[in-house]
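Heads up: the structure comes next, in structure tokens.
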Amino acid sequence: MRTLNSLSILSINSMTKPSFSNVYSKVVRVGGKEITLEVGKFSEQANAAVLATCGETVVHATIVSCGISKLGYFPLQVEYVEKLYAGGRIKGSRWVKRDGRPNDEAILKGRIIDRSVRPMFPTGFMNEVQLVTTVLSVDMENDPDMIALVAGSAAISISSIPFDGPIAGVRIGFDKTSKEFVFNPTYEERKNSDLDLIVSGAKDAIVMVESFSNEVDEDLVLKAFAKAQEVVNGVIESIEEMVKDIGKAKFVFEPILPDASLIKTLGKKYAKEVKELVKHEALLEPLGLEEFVAEIVKADEALDAGKVKEAFQELVRNEARRQTLEDKIRPDGRKLDEIRQITCAIDLLPRVHGSAMFKRGSTQALTVTTLGAPSLGQLIEDMEGEEEKHYIHHYSMPPYASGEAGRIGFPKRREIGHGALAERALVPMLPSQKEFPYTIHVVSEIMSSNGSTSMASTCGSTMSLMAAGVPLKKPVAGIAMGLMTDGKRTEILSDIQGMEDHTGDMDFKVAGTADGITALQMDIKVKGISLEIMTKALAQAKIGRMFILGKMLEVIPEPRKELSKFAPKIVQLEIPFERIGELIGPGGKMIKNIILVTGAQVDVDENEEKTKGIVNISSPDQESID
């Protein structure tokens with residue numbers, strides 16, 4: 001048997017020891033903070049890898065591209081991965097110590113990165129691409145999400161993968177005291193802000209928006225957009241310098257596009273039928289594309305059914321856009337700013353604590369509110385610690401909502417995102433735990449889907465909460481805005497339906513009260529939206545939002561003064577802090593005995609200052625509480 005000599009062993013050892021001598025570094029400035037981007041430390045087999053550091057928060061981003069997919073769409077995967085070790089934590093479970101599936105917050109952060117980079121890949125690019133951002137360290141001050149977005153954009157930009165970027169993202173807060181914008185605010189700075197706005201963009205164009213705010217007006221939001229664009233442009237310039245210094249040449253690919261000659265031939269031959277298909281699809285009528293394509297292929301067996309369907313999908317898309325841009329009439333016959341017929345109802349379910357139905361056109365949401373004791377709040381464990389939520393909003397859209405059969409089980413990323421959007425829209429209007437000491441669980445069941453189910457969920461949830469007797473500060477309504485543009489002509493659409501979402505260029509959701517915006521979310525298919533278009537969209541959205549809110553208030557103008565007889569009653573008492581132990585007793589003996597004898601649930605907590613004990617006594621039976 002041959003053995004390695006000492007020289008060979010020395011050579012192998014020197015190869016296996018990490019060497020950071022050839023690391024490329026670039027400092028990116030965002031407001032008063034610095035993000036250091038390093039290339040060459042890790043993951044040499046990825047197409048590109050970037051390590052981003054801000055303070056003591058560290059994120060690793062990798063991008064890989066494989067072969068051409070045969071799925072018929074661009075198979076981009078974007079993953080945002082949090083590890084408990086990043087915050088020096090071990091999983092609390094006694095039995096499972098491995099990091100499990102991502103929590104909802106991590107999924108939402110992954111969606112933000114996905115929605116930012118997806119529009120910037122070239123049309124017709126069908127290679128499998130996976131972007132993974134992994135949080136390696138957190139300092140409990142700097143949120144990793146924007147660091148991950150910048151690192152991900154830098155990795156794609158310096159890679160050989162075709163990309164029409166760079167893009168960049170920034171979080172903006174608005175300090176209530178100084179009345180100044182804060183860029184990538186720390187967690188502490190966010191506590192003093194009425195605005196939590198994330199904007200990602202390309203050079204001089206906005207690509208994605210996500211916002212949570214406390215009734216801010218449209219003017220403040222537009223100023224924030226303008227400031228965000230300035231910051232984004234600066235970050236993009238730094239990434240462009242990285243591309244010049246170390247960027248790989250982009251590989252050449254053959255765009256996979258619908259057959260242009262077949263589209264032209266079928267378009268001339270079936271021009272009248274295409275207009276009918278647009279109308280039928282817009283009105284969700286039985287005659288559909290599948291049946292029409294089957295008839296054509298049956299008459300001419302030389303045609304490929306897949307290519308014919310793809311060609312007609314493009315023809316239908318083009319005709320829907322032409323009608324909107326040229327005729328100023330939408331596929332379902334509405335005017336550009338016209339909202340579909342709205343139907344609202346409350347108290348549909350007899351035993352639940354609150355229920356409401358909101359229907360707009362063919363989109364219908366049934367929302368149910370359940371009230372419970374504070375002890376039923378949701379405990380969330382992540383790398384930055386633990387927190388307890390007392391308002392939980394879930395969104396469910398089963399396959400039948402869109403006339404399909406499919407899997408029913410764990411929620412997908414889209415469902416988690418839609419539920420979170422509705423939750424964020426309502427949180428600023430909820431009473432505090434001191435005012436209303438309940439855990440509130442809201443579930444939106446989407447009964448029919450044809451555009452803007454998240455905004456239907458927001459509207460239905462507002463009515464359901466008011467019907468349950470939750471003292472909302474103000475009612476919240478939401479609307480989804482669309483866009484059609486060919487570069488020369490641009491039209492903004494109010495209350496887009498499913499077809500306009502698919503064929504259009506923007507899905508811009510705006511939720512708020514009569515006095516201000518509480519949530520925003522925007523996704524686009526073009527390479528960016530100008531500030532001028534955003535200004536027009538917000539102004540038109542406000543008019544639509546007020547109209548929808550009026551329809552809701554016709555059904556229930558204010559929260560009910562009394563809770564359902566089936567809801568638990570809760571009394572909150574305060575006791576001296578030093579007597580908490582006396583109430584609980586040794587090993588919990590005293591409080592357990594109180595619960596056993598009275599039948600009421602008794603929960604004890606401390607106030608933030610740790611000067612008083614907060615005792616919540618809950619039961620559906622008033623006698624037990626007394």
Side-chain angles (χ1 to χ4, degrees), residues 65-77 118-130 161-164 250-326 330-332 399 402-406 414 449-451 482 484-487 497-505 507 523-527:
S65 176
C66 300
I68 297 172
S69 167
K70 296 181 181 180
L71 295 172
Y73 58 85
F74 175 40
L76 172 66
Q77 296 180 64
R118 188 176 291 271
M120 307 308 292
F121 286 92
T123 303
F125 183 60
M126 295 294 179
N127 286 48
E128 288 189 44
V129 175
Q130 185 177 51
I161 300 168
F163 187 62
D164 296 331
K250 300 295 183 183
F251 65 75
V252 179
F253 73 100
E254 189 71 32
I256 300 175
L257 300 168
D259 189 326
S261 61
L262 183 61
I263 291 172
K264 187 175 181 180
T265 301
L266 294 175
K268 285 182 178 179
K269 187 174 181 179
Y270 297 102
K272 184 179 178 181
E273 287 81 355
V274 167
K275 290 182 179 180
E276 283 298 308
L277 282 170
V278 170
K279 181 180 176 182
H280 284 298
E281 187 173 336
L283 298 176
L284 299 180
E285 292 179 351
L287 177 61
L289 184 58
E290 297 282 351
E291 295 86 346
F292 185 62
V293 168
E295 290 178 11
I296 292 174
V297 174
K298 187 177 180 180
D300 186 351
E301 294 181 357
L303 292 171
D304 180 89
K307 290 185 177 180
V308 171
K309 180 181 178 181
E310 194 176 51
F312 272 108
Q313 286 173 334
E314 193 68 15
L315 287 166
V316 167
R317 176 183 180 275
N318 293 341
E319 176 58 21
R321 294 173 65 85
R322 187 203 65 77
Q323 289 178 16
T324 303
L325 291 169
E326 291 184 14
R330 297 160 73 170
D332 61 359
S402 53
E404 299 171 329
R414 174 186 172 277
S449 170
N450 188 24
M484 297 278 190
T485 180
D486 60 5
Q497 59 168 338
M499 184 187 193
E500 291 166 329
D501 188 7
H502 300 148
T503 62
D505 301 314
D507 181 7
D523 300 313
I524 62 170
K525 299 187 182 78
V526 291
K527 304 300 181 186

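Position 1 is the first residue of the sequence; numbering continues from there. Since this is a predicted model, take the numbers as computed values, not measurements.
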Are any of the side-chain nitrogens in [X] or [Y] under 4.0 Å away from the carboxylate oxygens of its partner?
{"X": "Lys279", "Y": "Glu276", "result": "no"}
{"X": "Asp507", "Y": "Lys525", "result": "no"}
{"X": "Asp486", "Y": "Arg321", "result": "no"}

Expected list for residues 303-312: side-chain donor-acceptor pairs under 3.5 angstrom, two or more places apart:
| residue | atom | partner | partner atom | Å |
| --- | --- | --- | --- | --- |
| Asp304 | OD2 | Gly306 | N | 3.0 |
| Asp304 | OD2 | Lys307 | N | 2.9 |
| Lys309 | NZ | Glu290 | OE2 | 2.5 |

Less than 4.5 Å apart, any side-chain heavy atom of [X] and any of [Y]?
{"X": "Phe121", "Y": "Leu76", "result": "yes"}
{"X": "Pro122", "Y": "Asp164", "result": "yes"}
{"X": "Ile296", "Y": "Tyr270", "result": "yes"}

Nearest-0.5 Å distance, [atom1] of residue [X] to [atom2] of residue [Y]:
{"X": "Phe292", "Y": "His280", "atom1": "CZ", "atom2": "NE2", "value": "10.0 Å"}
{"X": "Cys66", "Y": "Gln130", "atom1": "SG", "atom2": "CD", "value": "8.0 Å"}
{"X": "Glu273", "Y": "Glu295", "atom1": "CD", "atom2": "CD", "value": "10.0 Å"}
{"X": "Thr485", "Y": "Leu325", "atom1": "OG1", "atom2": "CG", "value": "7.0 Å"}
{"X": "Glu500", "Y": "Thr324", "atom1": "CD", "atom2": "OG1", "value": "6.0 Å"}
{"X": "Met484", "Y": "Arg322", "atom1": "CE", "atom2": "CZ", "value": "12.0 Å"}

Exercise for the section: Using a cut-off of 6.0 Å, state whether more than 12 heavy atoms not belonging to Lys250 lie near its atom NZ. Expected result: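 Yes, because the 6.0 Å sphere around NZ of Lys250 holds more than 12 heavy atoms from other groups.
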Exercise for the section: Using a cut-off of 6.0 Å, state whether more than 12 heavy atoms not belonging to Lys527 lie near its atom NZ. Expected result: yes
Problem - Worked check of side-chain contact (heavy atoms from CB on, under 4.5 Å) between Val297 and Val293 - result: CA-CA 6 Å; Val297 174; Val293 168; 4.1 Å; yes
Table please: side-chain donor-acceptor pairs of residues 251-260 below 3.5 Å, with sequence neighbours left out.
| residue | atom | partner | partner atom | Å |
| --- | --- | --- | --- | --- |
| Asp259 | OD1 | Ser261 | N | 3.1 |
| Asp259 | OD1 | Ser261 | OG | 2.7 |
| Asp259 | OD1 | Leu262 | N | 3.1 |

Exercise for the section: Can you run down the side-chain hydrogen bond (donor to acceptor under 3.5 Å, both in side chains) pairs that involve residues 118-129, sequence neighbours left out, and say none if there aren't any? Expected result: Asp114-Arg118
Exercise for the section: Please answer whether the main-chain N or O of Gln497 pairs with a side-chain N or O of Asp501 as donor and acceptor at a distance below 3.5 Å. Expected result: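 Such a contact is absent between Asp501 side chain and Gln497 backbone.
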Exercise for the section: Search all heavy atoms of Val278 against all heavy atoms of Pro331 and return the closest pair with its distance. Expected result: CG1-CB, 3.8 Å
Exercise for the section: Kindly give the heavy-atom pair with the smallest separation between Phe163 and Met120, and that separation in Å. Expected result: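 For Phe163 and Met120, the tightest heavy-atom pair comes out as CE1-CB, 3.4 Å.
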Exercise for the section: Show the numbers, then the answer: is there a side-chain contact (heavy atoms from CB on, under 4.5 Å) between Glu281 and Val316? Expected result: CA-CA 9 Å; Glu281 187 173 336; Val316 167; 3.7 Å; yes
Exercise for the section: Applying side-chain contact (heavy atoms from CB on, under 4.5 Å), run through Lys275 and Glu319 and close with a yes or a no. Expected result: CA-CA 7 Å; Lys275 290 182 179 180; Glu319 176 58 21; 3.6 Å; yes
